[in-house]
S.K.: 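Starting off with a structure, shown below.
The chains referred to below are lettered A, B, ... by the order of the sequence lines, with proteins before strands, and numbering in each begins at 1.
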Number of protein chains: 2
Amino acid sequence: GAHILVLGNEKGGSGKSTTAMHLLMALAAQGRRVAAIDLDSRQRSLSRYLENRSRFIADNSVSLEVPVVHTIARSELNSVDAAKAEEKERLMAALSELRSLCDVVVIDSPGSDTNLARLAHAQADTIVTPLNDSFVDLDLLARVNSTSYEIEGPSHYAEMVWEARKHRAIADRSQIDWIVMRNRVSSLNARNKARVEKVLAALAKRVGFRFIPGLNERVIYRELFLKGLTLVDLKKTAGLGVSQSLTMSQVAARNELRRVVEALNLPPVAE
Amino acid sequence: GAHILVLGNEKGGSGKSTTAMHLLMALAAQGRRVAAIDLDSRQRSLSRYLENRSRFIADNSVSLEVPVVHTIARSELNSVDAAKAEEKERLMAALSELRSLCDVVVIDSPGSDTNLARLAHAQADTIVTPLNDSFVDLDLLARVNSTSYEIEGPSHYAEMVWEARKHRAIADRSQIDWIVMRNRVSSLNARNKARVEKVLAALAKRVGFRFIPGLNERVIYRELFLKGLTLVDLKKTAGLGVSQSLTMSQVAARNELRRVVEALNLPPVAE
Ligand SMILES: Nc1ncnc2c1ncn2[C@@H]1O[C@H](COP(=O)(O)OP(=O)(O)OP(=O)(O)O)[C@@H](O)[C@H]1O
Ligand SMILES: Nc1ncnc2c1ncn2[C@@H]1O[C@H](COP(=O)(O)OP(=O)(O)OP(=O)(O)O)[C@@H](O)[C@H]1O
Ligand SMILES: [Mg+2]
Ligand SMILES: [Mg+2]
């Protein structure tokens, strides 16, 4: 069945939806059959990005792939337990439909601790956790000592992933590959960056993830949202009012994104 | 009673907790009696920032103000309606205690649409909404046309503030001052910035907020989190292992923060 890739981080604004969209399009460009599940039925950033893409394609009669996205509606039931059961049903229905049709299903989680996010984490083969270069973001993974920078203990989101791994081990004995990906990295702030990296290296061993350099802060990762495009599409959309003037930074961005895709270690593309 | 200042934006990671902490300390430095309410009982970024501050003060025997913070626990009740009632009780209890003791109560909301966030918005005299220079963030305020950049309609968060204003008008006929504050602004990306600004200017008129330049992306706004300090404290903490080597950027940051405080148009400081 499909490889399930979950974008997860209960810290808001770490870059889950942005990374989800860019991985989706990069994996599609490799020839994989991809689809998406959006667990944030209120913000719907990923669904909106793909709706914008469909509209752009229609308005410009251009032929570009638009992966299918299932938005999982949150339950409105008045009993918390009944609501959780209803949401589980909805997620599993979407998953069982897509698993047989795709090579990779990309699941975007909301920036908070929700029932749907927890269920999806337990279904993941790979969890990708984007993270700002910031001790504020790191606080969701671990408590850090302010003088020695030593790790004092795991925090909520690390515990949430641990729970998900426990569920998978019990359910089907399979492992979850957890990747922490730095995002919105700037070329400045060497000291703060070095400190964050040191903590991440220690935390990776202790909590069981691998971490990758990820994506720099680049306007190209967000300025195409309204058109539903990504830098992966830019060759095909030349002359459609999408500026080509960022070429140097685009090449760097392409390589950056390519390195993230390679770091996923997905099974080779089906023939 | 106290002026109620709510940091609100259901978009995650827009900078609510960072802005809450810096406004809290800047207002305290003006001689105002301040306190905080943290509505995010899971992430608790603001509460954690203040806990780190208390620990730093204790470990270094330095005398710095630590404003009181009430973290409002989310309800665990199994009925959604009963949970909402319990949360309302908790928030109103914290507010009534602090209103009589303070000049300003700063309330930090979570990055999602929650019952507590909605209740707090309806109690606000001022709502400050930080916003990244990004159409992804803007999508929570309004739907924007991808070719004309015209506003097609309000989105979830604009509607949420509208609801809060309606409640206040009915309850006590008072107005809510809504300020949208750009955050994490970079000096690059002139074209994307100009487009976002144009949409914000049009949206401000239509949806009823005023927008201010806000805060640039600066590592000083996040690298002091573990010590619980802000740039407002730096004179007092010289020689306590807190580097003074960012002086030029610090001066610019101080002025930036001061302009935000002035833009709040709060009543003059009590004698
Ligand atoms: N690498 C990047 N370069 C530039 N901007 C970025 C990058 N990654 C994310 N952004 C911007 O940062 C903001 C947050 O990103 P995004 O919405 O993808 O995060 P998220 O984790 O999905 O947030 P939420 O928790 O609200 O779902 C958005 O304005 C987005 O456009
Ligand atoms: N002006 C700024 N300069 C540099 N870094 C910033 C700035 N504002 C916020 N950040 C960083 O951006 C990230 C998000 O900020 P913050 O946690 O304050 O947002 P939030 O809106 O409270 O998020 P959430 O929705 O998760 O509550 C954090 O890593 C923070 O340190
Ligand atoms: Mg998102
Ligand atoms: Mg916050």
Side-chain angles (χ1 to χ4, degrees), chain A residues 9-18 40 42-45 48-49 52 55-56 59 76-81 83 110-114 132-140 143-147 149 156 184 186 188-189 191-193 195 217-219 222-228 241 243 245, chain B residues 9-18 40 42-45 48-49 52 55-56 59 76-81 83 110-114 132-140 143-147 149 156 184 186 188-189 191-193 195 217-219 222-228 241 243 245:
Chain A
N9 192 343
E10 61 177 287
K11 181 70 184 92
S14 47
K16 299 175 288 296
S17 305
T18 297
D40 197 337
R42 173 129 172 131
Q43 285 193 26
R44 301 180 67 239
S45 305
R48 296 276 298 138
Y49 209 140
N52 292 343
R55 200 178 336 128
F56 180 84
D59 292 353
E76 309 262 293
L77 295 177
N78 214 353
S79 144
V80 169
D81 293 338
S112 53
D113 173 27
T114 66
N132 283 314
D133 256 354
S134 170
F135 285 102
V136 175
D137 277 41
L138 226 69
D139 199 48
L140 271 299
R143 284 168 294 112
V144 176
N145 185 285
S146 68
T147 33
Y149 292 93
H156 290 306
R184 303 193 72 176
S186 99
L188 316 159
N189 315 319
R191 183 184 57 207
N192 184 65
K193 245 190 272 179
R195 283 174 177 163
E217 168 80 16
R218 296 179 191 279
V219 76
R222 64 179 190 241
E223 68 176 336
L224 301 174
F225 170 76
L226 290 180
K227 293 179 164 46
S243 169
S245 68
Chain B
N9 193 343
E10 60 177 288
K11 181 69 184 93
S14 48
K16 297 174 290 294
S17 305
T18 297
D40 195 337
R42 173 130 171 129
Q43 286 193 24
R44 299 180 67 239
S45 305
R48 294 278 297 139
Y49 209 140
N52 292 344
R55 199 175 338 126
F56 180 84
D59 292 353
E76 308 262 294
L77 295 176
N78 214 353
S79 144
V80 169
D81 292 340
S112 53
D113 173 26
T114 67
N132 283 313
D133 256 352
S134 170
F135 285 101
V136 175
D137 277 40
L138 253 152
D139 200 49
L140 270 299
R143 283 166 297 112
V144 176
N145 185 286
S146 67
T147 34
Y149 291 95
H156 291 304
R184 304 194 71 177
S186 100
L188 317 157
N189 316 318
R191 183 183 57 210
N192 184 64
K193 244 190 243 172
R195 283 174 177 161
E217 168 79 15
R218 296 180 190 277
V219 76
R222 63 180 189 239
E223 69 177 336
L224 301 175
F225 170 75
L226 290 181
K227 293 180 164 44
S243 168
S245 67

S.K.: In Å and rounded to the nearest 0.5 Å, what is the OG to CG distance from Ser45(B) to Asp137(A)?
M.R.: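 Ser45(B) atom OG to Asp137(A) atom CG measures 8.5 Å (nearest 0.5 Å).
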S.K.: Applying salt bridge (Lys or Arg N to Asp or Glu O under 4.0 Å), can you list everything that pairs with Arg55(B), at least two apart in sequence or on another chain?
M.R.: none
S.K.: Hey, what's the ring geometry for Phe135(A) with Tyr149(A), parallel, tilted or perpendicular (30° and 60° as the breaks)?
M.R.: tilted
S.K.: Find the one option among Arg44(A), Lys11(A), Gln43(A) whose heavy-atom pairs under 4.5 Å with chain B are most numerous.
M.R.: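 Max contact count across the listed options: Gln43(A).
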S.K.: Under 4.5 Å heavy-atom distance to chain A, tell me which part of Ser112(B) shows up: side chain, backbone, both or neither.
M.R.: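 Only the side chain of Ser112(B) comes within 4.5 Å of chain A.
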S.K.: Top residue by heavy-atom pair count (under 4.5 Å) with chain B, among Arg218(A), His156(A), Lys16(A), Lys193(A)?
M.R.: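 Highest number of pairs under 4.5 Å: His156(A).
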S.K.: Working to the nearest 0.5 Å, report the span between OH of Tyr49(B) and CG of Asp139(A).
M.R.: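 One gets 11.5 Å once the value is rounded to the nearest 0.5 Å.
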S.K.: For the CG atom of Leu226(A) and the CG atom of Leu224(A), what is their distance to the nearest 0.5 Å?
M.R.: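 If I round to the nearest 0.5 Å, the distance is 9.5 Å.
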S.K.: Under 4.5 Å heavy-atom distance to chain A, tell me which part of Glu217(B) shows up: side chain, backbone, both or neither.
M.R.: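 Neither part.
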S.K.: How far apart are the closest heavy atoms of Lys227(B) and Phe56(B), and which atoms are they?
M.R.: O-CB, 3.3 Å
S.K.: Could you tell me which of Gly13(A), Gly228(A), Ser186(A) has the largest number of non-hydrogen atom pairs under 4.5 Å with chain B?
M.R.: Gly13(A)
S.K.: Is Asn52(B) close to chain A through its backbone or its side chain, or both, or neither, when contacts mean heavy atoms under 4.5 Å?
M.R.: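 Answer is neither: Asn52(B) stays 4.5 Å or more from chain A.
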S.K.: Please look at Asn132(B) and chain A and tell me whether the side chain, the backbone, both or neither of the residue comes under 4.5 angstrom of a heavy atom of that chain.
M.R.: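 For Asn132(B), the contact with chain A is made by the side chain alone.
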S.K.: Checking Arg42(B) against chain A: side chain, backbone, both or neither under 4.5 Å from a heavy atom?
M.R.: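 Interface part for Arg42(B): both.
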S.K.: Step by step, would you call Thr147(B) with Asn145(B) a side-chain contact (heavy atoms from CB on, under 4.5 Å)?
M.R.: CA-CA 6 Å; Thr147(B) 34; Asn145(B) 185 286; 2.9 Å; yes
S.K.: Which one, Leu140(B), Asn78(B), Asp40(B), Val144(B), leads in non-hydrogen pairs under 4.5 Å with chain A?
M.R.: Asn78(B)
S.K.: Please look at Leu188(B) and chain A and tell me whether the side chain, the backbone, both or neither of the residue comes under 4.5 angstrom of a heavy atom of that chain.
M.R.: neither
S.K.: In the structure I gave you, are the side-chain heavy atoms of Asp133(B) and Asn189(B) within less than 4.5 Å of one another anywhere?
M.R.: no
S.K.: Return the option, out of Ser79(B), Ala83(B), Gly111(B), Ser17(B), with the maximum number of heavy-atom pairs under 4.5 Å with chain A.
M.R.: Ser79(B)
